[in-house]
Q: 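Here you go, one structure.
Indexing begins at 1, ligand by ligand and atom by atom, following the structure's order.
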Amino acid sequence: MKLRIINGPNLNMLGVREPEIYGRQSYADLEEYIARAGAALHIEVACFQSNHEGELVTLVQQARGAADGIILNAAAYTHTSIALLDALKAVALPAVEVHLSDVNQREEFRRISYPAMACKTVIAGHGFAGYKMAMEYLVELLATKR
Ligand code: DQA
C-alpha cells in the first residue's frame with residue numbers, strides 16, 4: 001500500500017513559524033515522524049511539500065497510478081483552493097485532510113475547507129499524530145475495500 005502525503009505553504013517553516021500554534025519541531029522532524037509511522041504500519045509513504053498552489057495540484061494529479069491514497073495538509077490553500085478540490089475529485093483516490101492545529105477553534109476563515117469536500121474525513125488539532133491517524137484511517141479503509 002502506498003500513500004502520498006502532500007503538504008502546502010509555510011509548512012516548511014515548522015519550528016520557526018508561530019511555535020505556540022504549530023510546535024517547535026521542524027519540517028524535517030515531521031518527515032521523519034511520517035517515515036517512522038509508515039514503517040510501523042508496513043506501508044510505503046512518499047512525502048512532498050510545496051509553497052505553490054499549481055505544484056500542489058500537480059502533486060495530487062501525479063498520485064493517480066502512483067499511490068492508493070492521499071493525505072493532504074493544504075495549509076492556507078485549504079481555505080481558498082477550488083483547484084485542489086477539483087484535483088482530488090479528478091484523481092478520485094481516497095483522501096484525508098490533516099491539520100496540525102484545530103482549525104475550528106481559530107479564526108472564522110479557517111473553518112472553510114474546499115479540499116475537505118472531496119475527502120473521506122478531516123483530522124485537525126492533533127499535531128504530528130494527525131498524520132499517523134490519517135494513515136491508520138486509510139490503511140483500514142483500503143484493506144476493507146480490497
Ligand atoms: C494548517 C492550518 C491552516 O489554517 C494554516 O493556514 C496552515 C497550517 C495546520 O496544519 O494547522 O498553514 O493547515
Side-chain angles (χ1 to χ4, degrees), residues 1-41 43-64 66-142:
M1 192 176 294
K2 291 183 193 168
L3 297 181
R4 175 170 283 223
I5 294 154
I6 304 171
N7 289 304
N10 300 307
L11 289 168
N12 57 316
M13 297 290 286
L14 284 179
V16 174
R17 72 181 290 212
E18 301 176 274
E20 64 289 357
I21 297 175
Y22 299 112
R24 296 199 179 274
Q25 287 182 287
S26 68
Y27 185 71
D29 293 332
L30 176 61
E31 281 188 323
E32 202 182 309
Y33 176 89
I34 287 169
R36 260 191 279 116
L41 286 166
I43 58 169
E44 266 184 55
V45 287
C47 209
F48 301 88
Q49 191 275 331
S50 174
N51 293 325
H52 305 275
E53 185 177 11
E55 272 178 27
L56 294 166
V57 168
T58 300
L59 285 166
V60 171
Q61 289 179 1
Q62 287 170 345
R64 188 167 173 266
D68 302 297
I70 296 173
I71 295 171
L72 176 66
N73 182 351
Y77 289 133
T78 303
H79 318 300
T80 60
S81 182
I82 297 167
L84 278 170
L85 167 63
D86 286 349
L88 288 174
K89 284 184 173 176
V91 298
L93 286 168
V96 173
E97 178 169 301
V98 168
H99 298 287
L100 295 163
S101 66
D102 189 352
V103 280
N104 290 313
Q105 301 300 318
R106 299 178 62 191
E107 302 94 327
E108 189 75 36
F109 62 81
R110 292 187 206 274
R111 293 188 193 171
I112 292 173
S113 168
Y114 290 101
M117 294 174 204
C119 288
K120 297 282 180 193
T121 192
V122 178
I123 297 168
H126 298 278
F128 285 10
Y131 288 84
K132 190 174 168 211
M133 292 159 79
M135 285 181 219
E136 287 166 348
Y137 180 97
L138 285 170
V139 165
E140 181 80 21
L141 182 89
L142 289 161

Q: Extract all N/O-N/O pairs under 3.5 Å that connect ligand 1 to the protein, and present each with both atom names and the distance rounded to 0.1 Å.
A:
residue: ligand 1; atom: 4 (O); partner: H79; partner atom: NE2; Å: 2.7
residue: ligand 1; atom: 4 (O); partner: R110; partner atom: NH1; Å: 2.8
residue: ligand 1; atom: 6 (O); partner: A76; partner atom: N; Å: 3.2
residue: ligand 1; atom: 6 (O); partner: R110; partner atom: NH1; Å: 3.1
residue: ligand 1; atom: 10 (O); partner: N73; partner atom: ND2; Å: 2.9
residue: ligand 1; atom: 10 (O); partner: L100; partner atom: N; Å: 2.7
residue: ligand 1; atom: 11 (O); partner: L100; partner atom: N; Å: 3.2
residue: ligand 1; atom: 11 (O); partner: S101; partner atom: N; Å: 2.8
residue: ligand 1; atom: 11 (O); partner: S101; partner atom: OG; Å: 2.6
residue: ligand 1; atom: 12 (O); partner: R17; partner atom: NH1; Å: 3.1
residue: ligand 1; atom: 12 (O); partner: R17; partner atom: NH2; Å: 3.0
residue: ligand 1; atom: 13 (O); partner: N73; partner atom: OD1; Å: 2.8
residue: ligand 1; atom: 13 (O); partner: H99; partner atom: ND1; Å: 2.8

Q: Given side chains that start at C-beta, do those of L3 and I70 come closer than 4.5 Å, heavy atoms only?
A: no

Q: Are N7 and Y27 linked by a side-chain donor-acceptor pair shorter than 3.5 Å?
A: yes

Q: State whether a side-chain donor-acceptor pair under 3.5 Å links E97 with T78.
A: no

Q: A quick test of your reading: do over 12 heavy atoms of other residues, nucleotides or ligands sit less than 6.0 Å from CD of E107?
A: yes

Q: Do N51 and E53 pair up side chain to side chain, a donor and an acceptor below 3.5 Å, judged on atom types alone?
A: no

Q: Counting neighbours of CZ on R64 that are heavy atoms of other residues, nucleotides or ligands and sit closer than 6.0 Å, is the number greater than 12?
A: no

